[in-house]
Structures are given as structure tokens and as C-alpha cells.
Amino acid sequence: MFSKDVYINRRKKLQAKVKSGIILMLGNNDSPMNYADNVYHFRQDSTFLYFFGIDLQNHAAIIDLDNNKEYLFGDDISLGHIIWMGPQPTMTEKAAQIGVENVKPMAELSKMVQEATKKGRKVHFNPPYRGENIMLLSDLFEVHHSKVKEMPSLELTKACINIRSIKEPCEIAELESHMATAYNMHTTAMKMAHAGVTEQEITGALEGVSMAGGGMVSFPIICSKRGETLHNHDHSNTLQNGDLLLVDAGSESPLHYATDNTRTIPVGGTFSQRQKEIYQIVVDANNISREATKPGVQYREAHLVASKVIAAGLKDLGLMKGDVDEAVAQGAHAMFFPHGLGHMIGLDVHDMEDYNDTLVGYMDELPRSTQFGLSALRLGRTLEENWVVTNEPGIYFIPALIDTWKAEGKHTDFINYDKVESYKDFGGIRLEDDILVTKDGCRILGERIPIEVEDVEATVKSGK
Ligand code: GLY
Ligand code: MN
């Protein structure tokens, strides 16, 4: 964990932003995979981790805003737990590590919540996402579990978003140091991308690199030669020369900060001319939209910059036509780029998405678009120094989408469907970096994973 002062300061900031009542934060518990004692890898709730730092099961916390008191709830572990799972610090020791003065057994959580409720005090909590915590909240408030989703505190959630969006120096250092593992994961994939190797073998190797580098993967690995399926978790194909392998993979640092990078790799190490042409458009979209990424600029604008580079490049190849600005304004390019340029990244790969991605990524003056493509942009709002975001443009040829739009006669002024037909077997390309917004621009975190055509080809060939 970080030093005690980090957690004390974070909670102070939170106390200054939420007016009155009590703040309730629930940690996560183990979640059974197929029977109670065979559980998924434990992952602490990110909000709890951020404000209370304890990376263990069965904890909760309350901040009493009116009386300026903080309480850590949990129980000292039994001898049986020590025998099977190993020792832990005592609750008092854990509280001292994070600068919390008051410790209470878990059984007292409901008493404190119910007393506050009885007195008409506001109990603030963020939207829960795990069944176990929804059930616990249902018990604490004596409401049906279906009602719990109506109860979270917008005031608390907005305060958490406000604080967590700006990454502290210790967080930036943690994110940046873990980029070495991201680099190893992606160059490992490149070196393995040869004919006869399976997607499953590469996926397994990448999980190993992540674990060896400090933590589990930050989301299920996407490693597929059918890269046109945006979140393809099927790994059943064997690679052949001529395939493009899309690898979207990230790792959690020892303190659970995420990396999230995508590279698209020519199997065997040589792009075909057709692949190179599309690939270069995505490289350009990545680089040019990064140049547009700076404090004071809406990320929506950077997304539109990437969209225009993509539309212009596709027009040069005869796949699109007409006025580029108008094509992007009408959303025609989204047949090829149906997702957003990026999202915040931090303790979560889509940072704070448990709160609600529109709350995180938009603001009152900038509502989320409903237009196909732009509506998938998770982060639209004005960038600030020390935000960490992804930059991930892509071009995809999705047969079902092409067929549907063609049949509907959609955007025929801007899409050359006859030419597109001949690309329906192409697949997809996405290129994703993690970037830190700086005082007057931004920079890629860590050493950049090979991205230029020659560098990717050379890295693949070095693995033969
Ligand atoms: N890396 C997966 C995503 O950003 O959706
Ligand atoms: Mn991403």
C-alpha cells in the first residue's frame, strides 16, 4: 500500500466534498467459482482500496461527516483461517496503517447504519455491482434488493470521480513502472505470432507475463485473428501467415493499477500491402489524436480528430467518399470505427466505470451523444492535467454491420459499398497506448510498445 498519509489525505478531500451524514464503503469479499471454498481470484473494490488501502476480504468503513470520525469494520481472523490462509495483521494494526482511529467488529456495521437511518441522517454509498454487496445493502437498509440500485448517493459518486480523476504522483509512478510488464506482454505476443501457434497459447503466455510482472490481467485478454469483433474472447484459432492478430491486453500492478494496450500484429512478420495501408491510417489516427490531447480540450474533440484521420485515409483508399468533415458529422465513418477513442484508466481498466461511465466521462454542458459510434465514447469531457487515459483508435470490417448498413442504404453518399465488399475478410486493427495528460500536452506512459510498421515486423521476426 501507499504511505498512511496518502489515504488520510484522500479521505480529507472526500470529507470536504460531501456535506453531511455518513459515508459507507464496502470492501469486496471472496466470490465462489463453483463451490464456496473454490473462489475467483480476490479483487478488492477499487473505491475501498483508494480510500482505505486494505487489500483483504471482509472489511467495510464508515466516515461520519458530522462528527468527523472514521471507523474500520472487520474481525480479527481465527486460528482456522491462519492455518489455511496464513496470518494477517490485527484490525488495530490495519487501521493504524491507514490512519483510521476507530475499529469495530463487522457485526456492528448494521447497528451504526440503522442508527443513522433512524435519525434521518443521509447514508451515502456508491452504486454496488456485486450481488453479495447488493444483498448486504438490502439487509442493512431493510429494503428489497431490487430497490438498492435507486439508493446510491450522487453527491458521493461525483465527489469520488472528482478526486480519483486526477492521479497523484504516487499513482502515476505506479502506473508508469508497471508499463514495463505491458511492454513485455505485447512484445511476447509479437514474438510468438507465427504460423502454427494458437491464440490460446499466446493468451496463456500473456497471462503468465502479467502474473510474473506483479498481478493478474486487468481484464480478460482479447487475442484473436478475428479482430473485427471488438471484445473477442474466443481463442480457438491457429495462426496462419497472412493473418492479422489483434491483442488487447493489460495487467494489474502490485497495487492494482491497470495497463491497457492494443497492438495488431502481422503473423509471420510481414504486413501485406492492403494490411499496411489500413494499419498506417490507424497509426496516424493514434498519433494525431494524441497531439490533440491536452488540458482544456474535450476528449470528444480528440475522438473526432481520430475519426477524421480515419475517414480521410479510407477515402484515399476508395472505401469512403465525399466530404470528410460531413461524413464524420453524420457518423458514416463509425461503420469502420464503431467505438470511442478511449477512457480513463487507473485502479480500474475503465476507471470508475462501476459508478456509471456517463457520469465519469461527461459533464452537464456536454451530454453523451446518441449517434452510433460516438455514443460508445466513454470519455468526452474536458481533459485536465494528471488524468490518465487510453488512446485507442481502430478500423474494423464487421461483415454483419456492413451487410446491415448496405441493405438499409445507410450513408451511401460517404461509403463505397462495392469496394468495402472486397474487405469483408480483412478483420480489424486497433492500436492503443496509455497516456498521461501533462501541463501542456500529454505523453505515453512507459517505453512505447513497438507500433510503426517496420518496428512491429522486426519484433515479430525476432521471435522466429
Ligand atoms: N481494453 C478493452 C477496452 O478498453 O474496452
Ligand atoms: Mn481500452
Side-chain angles (χ1 to χ4, degrees), residues 43 46 129 165 167 175 178-179 181-183 185-186 189 199 202-203 206-207 209-210 215-224 226-235 245-253 256-265 282-283 285-287 289-290 293 299-300 302-303 306-307 310 334 337-358 360-361 368 373-381 383 387-396 398 427-437 442 444-446 448-449 451:
R43 177 56 158 80
S46 295
Y129 53 91
S165 294
K167 302 301 184 273
L175 281 157
H178 203 56
M179 293 313 299
T181 298
Y183 187 98
M185 286 172 81
H186 285 273
E199 296 165 346
I202 299 177
T203 303
L206 300 192
E207 290 214 357
V209 175
S210 177
M216 63 182 186
V217 290
S218 47
F219 58 94
I221 287 175
I222 298 162
C223 174
S224 175
R226 296 269 47 99
E228 74 277 12
T229 299
L230 302 180
H231 280 178
N232 198 339
H233 294 303
D234 176 76
H235 305 133
L245 179 69
L246 188 149
V247 178
D248 184 347
S251 175
E252 282 199 352
S253 74
H256 299 288
Y257 285 81
T259 73
D260 181 13
N261 295 94
T262 310
R263 287 296 184 264
T264 308
I265 309 165
V282 185
V283 174
N286 175 304
N287 286 331
S289 60
R290 189 181 65 257
T293 299
Y299 209 45
R300 185 181 190 275
H303 171 90
S307 302
I310 286 169
F337 177 32
H339 62 75
L341 183 63
H343 48 85
M344 287 205 195
I345 182 166
L347 277 171
D348 309 296
V349 64
H350 291 176
D351 210 21
M352 302 176 275
E353 199 160 293
D354 55 321
Y355 298 159
N356 172 330
D357 62 351
T358 302
V360 174
R368 191 167 183 156
L374 196 50
S375 63
L377 174 64
R378 290 185 158 85
L379 176 63
R381 69 186 168 109
L383 298 163
W387 285 15
V388 180
V389 304
T390 66
N391 172 319
E392 50 178 309
I395 295 180
Y396 313 86
I398 306 168
I429 293 175
R430 177 163 65 253
L431 297 171
E432 177 176 22
D433 295 319
D434 299 338
I435 60 182
L436 169 70
V437 181
C442 70
I444 294 170
L445 283 175
R448 195 178 200 189
I449 298 164
I451 192 167

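Here the structure is a predicted model, which means the values were calculated and not measured. For this chain, numbers begin at 1 and follow the sequence in order. One-based numbering, in listed order, for ligands and for the atoms of each.
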Verdict with reasoning, His339 to Tyr396, per ring pair (Phe, Tyr, Trp, His ring centres under 6.0 Å) = CA-CA 10 Å; His339 62 75; Tyr396 313 86; 5.3 Å; yes
task = Give the residue, atom name and distance (to 0.1 Å) of the protein heavy atom nearest atom 1 (N) of ligand 1.
result = Asp260 OD1, 2.8 Å
ask   = Tell me: protein heavy atom nearest atom 2 (C) of ligand 1, and distance?
value = Asp248 OD2, 3.4 Å
task = Starting from the Mn ion (ligand 2), count all protein N, O or S atoms within a radius below 2.8 Å.
result = 4
Give the atom numbers and elements of ligand 1 that come within less than 4.0 Å of a heavy atom of [X].
{"X": "His231", "result": "2 (C), 3 (C), 5 (O)"}
{"X": "Glu392", "result": "4 (O)"}
{"X": "His350", "result": "3 (C), 4 (O), 5 (O)"}

query = Is His339 near ligand 1, meaning one of its heavy atoms is under 4.0 Å from it?
reply = no
ask   = Looking at residues at least two apart in the chain, or sitting in another chain, which of them share a side chain to side chain contact (heavy atoms under 4.5 Å, CB included) with His235?
value =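 Scan of His235 (side chain to side chain contact (heavy atoms under 4.5 Å, CB included), adjacent residues dropped) gives Glu199, Gln200, Thr203, Cys223.
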key: Nearest-0.5 Å distance, CD1 of residue Ile435 to CD1 of residue Ile345   =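 So the gap between those two atoms works out to 11.0 Å.
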ask   = CE of Met185 to CD1 of Ile202: how many Å apart, nearest 0.5 Å?
value = 12.5 Å
request  = May I ask you to check whether Arg378 has an N/O atom sitting below 3.5 Å from an N/O atom of ligand 1?
outcome  = no
